[in-house]
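Beneath this line is the structure, given in structure tokens, with notes to follow.
From a predicted model like this one, the values you see are computed outputs, not experimental measurements.
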Amino acid sequence: MRAEAEQVEAVARLWDAHLQADFPGHMRGADPLGIDMVLLDATIAGCVSSWLHDRGSLDHGRRVILARCLAGLDRVLPILSGQQEHAYYDRLRAMTVATLGIP
């Protein structure tokens with residue numbers, strides 16, 4: 001039970017930081033490797049928000065969606081060059097991994 005509470009706290013901290021961060025403006029309309037960066041952000045945010053609202057519980061459909069988003073992040077992160085965009089999407093990845101409970 002303690003580990004679950006720590007996981008929720010860790011994701012909540014990342015979520016708070018994410019909410020305070022500015023979206024990298026030049027990523028609007030960007031779709032490197034066919035991945036819509038705004039949609040990727042919004043999809044992850046929606047799943048993480050639901051997970052936090054449900055205190056660490058996520059339905060199967062959202063778990064599948066997050067796993068697909070993680071695969072997309074892993075494809076696109078190596079080609080991102082700007083510091084701001086890297087920090088922004090690295091944090092999204094960390095939230096995704098923590099929400100999915102991947103060590």
For residues H26 and Q84, is any side-chain donor paired with an opposing acceptor at under 3.5 Å?
-> no

For residues V38 and Y89, report the shortest heavy-atom separation together with the two atoms involved.
-> N-OH, 4.4 Å

Note, I65 side chain near I44 side chain (heavy atom, < 4.5 Å) = no

To the nearest 0.5 Å, tell me how far L52 CG sits from S57 OG.
-> 11.5 Å

For the student: nearest non-hydrogen atoms of M27 and L80, plus distance = CE-CD2, 3.8 Å

For the side chain of D59 and the backbone of R62, is there at least one donor-acceptor N/O pair under 3.5 Å apart?
-> yes

Give the intermediate values and the outcome of side-chain contact (heavy atoms from CB on, under 4.5 Å) for residues V76 and M37.
-> CA-CA 9 Å; V76 78; M37 300 305 283; 3.9 Å; yes

From D41 atom CG to R28 atom CZ, the distance as rounded to the nearest 0.5 Å = 9.5 Å

Donor-acceptor pair, side chain of Q7 and main chain of G56, under 3.5 angstrom = no

In Å, rounded to the nearest 0.5 Å, how long is the span from CD1 of I79 to CG of L33?
-> 4.0 Å

Are L66 and V64 co-members of a hydrophobic cluster defined by side-chain heavy atoms under 4.5 Å apart?
-> no

Identified side-chain contact (heavy atoms from CB on, under 4.5 Å) counterpart of V48 within the set L58, L14, T43, V11 = V11

Does the side chain of C47 reach to within under 4.5 Å of the side chain of T99, using non-hydrogen atoms?
-> no

Under 4.5 Å between side-chain heavy atoms, hopping through other hydrophobics if needed: is there a path connecting M95 to L39?
-> no

Parallel under 30°, tilted from 30 to 60°, perpendicular over 60°: which one fits the rings of Y88 and H18?
-> tilted

Determine yes or no for a side-chain-to-main-chain donor-acceptor pair under 3.5 angstrom, with R93 supplying the side chain and D74 the backbone.
-> no

For A45, does its backbone N or O pair with a side-chain atom of S49 as donor and acceptor, under 3.5 Å?
-> no

Checking Q20 side chain against A17 main chain: does a donor-acceptor pair fall under 3.5 Å?
-> no

About how many Å separate CG of L73 and OG1 of T96, when rounded to the nearest 0.5 Å?
-> 5.5 Å

